[in-house]
Amino acid sequence: DIAQFEAMVNVDQAFYTYLRNNQPYVRTGSRTVTAGMHCFECKDGNQVFIVPVGVAVLPKALKLLGLDPELPEYKRQAMVPAGGPGSEPIEKGFEAFCAERTAEEVDRELNAAGVSCSLVMTPELMLEHPHYKARETITEWELSDGSKMVAPNALPKMKNNPGKIW
């Protein structure tokens, strides 16, 4: 049993840098060619990645932002090109929506409305996230010099042949 996030934790050098040096990772951005499809900062300082794409999804996102899906620039569209007609209200709408809510609230509300959204996990969030804790994704062990180390656990977890840190 392995989840995609667990595989990524094991190859994410930024996470190891944070665990070893308590040095936060500075994100460089993630713009795409689609209006509203990128990371947005929320009122708690955390980020979400929103994907308002799809013939059935875009109208839901527009309604959530108070925009009319029947306008010519949106009608029967799967996405709105960044910088194109109708893109600015989407960008400003998501910026305002996110600025008024925590990342967890945005994630919950958008997904409940049928708009794909995901919390961007930082090392700090990973260490406290209930899913990471429940799956024991992060562990601590003693090094040969007696010091402690916190890092990703042995993955994937195998029932009959469990991995171990040695």
Asks: Between Gln47 and His38, does any side-chain donor sit less than 3.5 Å from a side-chain acceptor?
Replies: no
Asks: Is there side-chain contact between Thr34 and Val80, with at least one heavy-atom pair below 4.5 Å?
Replies: no
Asks: Between the side chain of Asn46 and the main-chain N/O of Leu119, is any donor-acceptor distance below 3.5 Å?
Replies: no
Asks: State, with a plain yes or no, whether a side-chain heavy atom of Glu128 is found less than 4.5 Å away from one of Lys133.
Replies: yes
Asks: Step by step, work out the side chain to side chain contact (heavy atoms under 4.5 Å, CB included) result for Glu88 and Ile90.
Replies: CA-CA 5 Å; Glu88 189 173 335; Ile90 293 172; over 6 Å; no
Asks: Show every salt bridge (charged side-chain N to carboxylate O under 4.0 Å, His left out) that has at least one partner inside residues 55-83, sequence neighbours left out.
Replies: Glu70-Lys75
Asks: Within 45 degrees of the axis of the six-membered ring of Tyr132 and under 6.0 Å from its centre: does Arg135 put its NZ or CZ there?
Replies: no
Asks: Any side-chain heavy atom of Pro89 sitting closer than 4.5 Å to one from Leu65?
Replies: no
Asks: Below 4.5 Å, heavy atoms only, C-beta onward: do Pro52 and Leu62 meet side chain to side chain?
Replies: no
Asks: Is a salt bridge present between Glu100 and Lys43, judged by a nitrogen-to-oxygen distance below 4.0 Å?
Replies: no
Asks: I'd like to check Val106 versus Phe40 (side-chain heavy atoms, cut-off strictly below 4.5 Å). Are they in contact?
Replies: no
Asks: Does some side-chain heavy atom of Met37 sit less than 4.5 Å from a side-chain heavy atom of Val53?
Replies: yes
Asks: If you define the side chain from C-beta out and look only at heavy atoms, does anything of Val150 sit under 4.5 Å from Thr139?
Replies: no
Asks: We want to know whether Thr102 and Glu104 form a side-chain donor-acceptor pair, criterion being a heavy-atom distance below 3.5 angstrom.
Replies: no
Asks: Atom CG in Leu64, atom CD in Glu109: separation rounded to 0.5 Å?
Replies: 7.5 Å
Asks: Just how far is it from atom CG of Leu125 to atom CG of Asp44, taken to the nearest 0.5 Å?
Replies: 8.0 Å
Asks: Does any N or O in the side chain of Tyr74 come within less than 3.5 Å of the main-chain N or O of Gly86, such that one atom is a donor and the other an acceptor?
Replies: yes
Asks: Is a donor on one side and an acceptor on the other found under 3.5 Å between the side chain of Asn111 and the backbone of Asp107?
Replies: yes
Asks: Backbone N or O of Glu136 within a donor-acceptor pair of the Asn153 side chain at under 3.5 Å?
Replies: yes
Asks: To the nearest 0.5 Å, what is the distance between NE2 (His129) and CE (Met121)?
Replies: 4.5 Å
Asks: Kindly indicate whether the side chain of Cys42, heavy atoms from C-beta on, has any atom under 4.5 Å from the side chain of Val48.
Replies: yes
